[in-house]
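One structure is given below, encoded as structure tokens.
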There are 2 protein chains.
Amino acid sequence: MTTPTLDPDGPVPLYEQLAEILRGQIRSGALPPNRPVPSETTLQQQYGIARDTVRHSLRLLREEGLVVTVRGKGTYVADRA
Amino acid sequence: MTTPTLDPDGPVPLYEQLAEILRGQIRSGALPPNRPVPSETTLQQQYGIARDTVRHSLRLLREEGLVVTVRGKGTYVADRA
DNA sequence: GCCCATTTGTACGTATGTATG
DNA sequence: GCATACATACGTACAAATGGG
């Protein structure tokens, strides 16, 4: 499982690129329901982006109902994502 | 019209305090429909907070349908706010 | 109950890009 | 071209919640 790379120069914002990657991993089952998404710190290091950008991506997924975030614990793939 | 003050030490986040102020101004008619909300820079200076915090407040109001934001123009009170 | 590491939340600052007028 | 305004993205610091030892 190689980590996909983001394109900082393309027309698609980094937060949208990461969101799309995570959507794919959720849909494919690589990130199964009720399992934690990698932490914000992990994602920011894996993709070499700012935490601000990671949080923007996760906020989108929350609004889409794909993930649920619990303070102090983590962000989890939703039950019926 | 004095500018209300925010309490940085209280339990309510600054972005929520500002959101509540703006909600009140919208409901009272002080900010009428189709009129611009003060710009992010203006709000950040008026209340002595970061632009990040202002944007968080405005994002809440957008999600509530109270305002509409147009890039390069400004943020406007929604029609049926 | 008390530390401690981890994780998310809030808030600050700065720089640059893009759209409007 | 220029000024204004929002969008994206980077950085930092500290607070608050969780869970383990």
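Letters A, B, ... are given to chains in the order of the sequence lines, protein chains preceding strands, and every chain is numbered from 1.
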| request: Please name all residues satisfying salt bridge (Lys or Arg N to Asp or Glu O under 4.0 Å) with Arg51(B), sequence neighbours left out, ordered by chain then number. | output: Glu40(B)
| remark: Nucleotide by nucleotide, nucleotides 12-21 of chain C touches protein heavy atoms under 4.0 Å in the pattern (B base, S sugar-phosphate only, - none) BS---BBBSS
| message | Using heavy-atom distances to pick each residue's nearest nucleotide on DNA chain D, tell me which of Val12(A) and Gly74(B) is more 5'. | response |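 Between the two, 5'-proximity favours Gly74(B).
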| said: Could you check whether any side-chain heavy atom of Leu14(A) comes within less than 4.5 Å of a side-chain heavy atom of Tyr47(A), counting everything from C-beta outward? | reply: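 They are not in side-chain contact.
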| request: Answer yes or no: is there a side-chain heavy-atom contact under 4.5 Å between Leu31(B) and Pro38(B)? | output: yes
Using a 3.5 Å cut-off and no angle test, enumerate the donor-acceptor pairs between side-chain atoms of residues 66-77 of chain B and protein atoms at least two apart in sequence or in another chain.
| residue | atom | partner | partner atom | Å |
| --- | --- | --- | --- | --- |
| Thr69(B) | OG1 | Arg62(B) | NH1 | 2.9 |
| Thr69(B) | OG1 | Thr75(B) | OG1 | 3.0 |

| field | With Asn34(A) via side chain to side chain contact (heavy atoms under 4.5 Å, CB included) - residues at least two apart | value | Asp79(A)
Rounded to the nearest angstrom, tell me the gap between atom [atom1] in [X] and atom [atom2] in [N].
| X | N | atom1 | atom2 | result |
| --- | --- | --- | --- | --- |
| Leu6(B) | dA11(C) | CG | C1' | 13 Å |
| Arg55(A) | dT8(C) | CZ | C1' | 6 Å |
| Leu43(A) | dT8(C) | CG | C1' | 13 Å |

| query | Which distance, rounded to the nearest 0.5 Å, do you find between the CD1 of Ile21(B) and the CD of Glu16(B)? | reply | 10.5 Å
| query | Any side-chain N or O of Tyr15(B) less than 4.0 Å from the OP1 or OP2 oxygen of dA11(C)? | reply |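 Checking dA11(C) against Tyr15(B), no side-chain N or O comes under 4.0 Å of OP1 or OP2.
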| message | Considering only residues two or more places apart or on different chains, which pairs with a residue in residues 13-44 of chain B satisfy ring-ring contact (aromatic ring centres under 6.0 Å, His included)? | response | Tyr15(B)-His56(B)
| request: Tell me, please, the opening and closing nucleotides of DNA chain D, 5' to 3', among those with an atom under 4.0 angstrom from a non-hydrogen atom of chain B. | output: dA5(D) to dT8(D)
| Do Gln44(A) side-chain atoms and Val54(A) backbone N/O form a donor-acceptor pair below 3.5 Å? | no
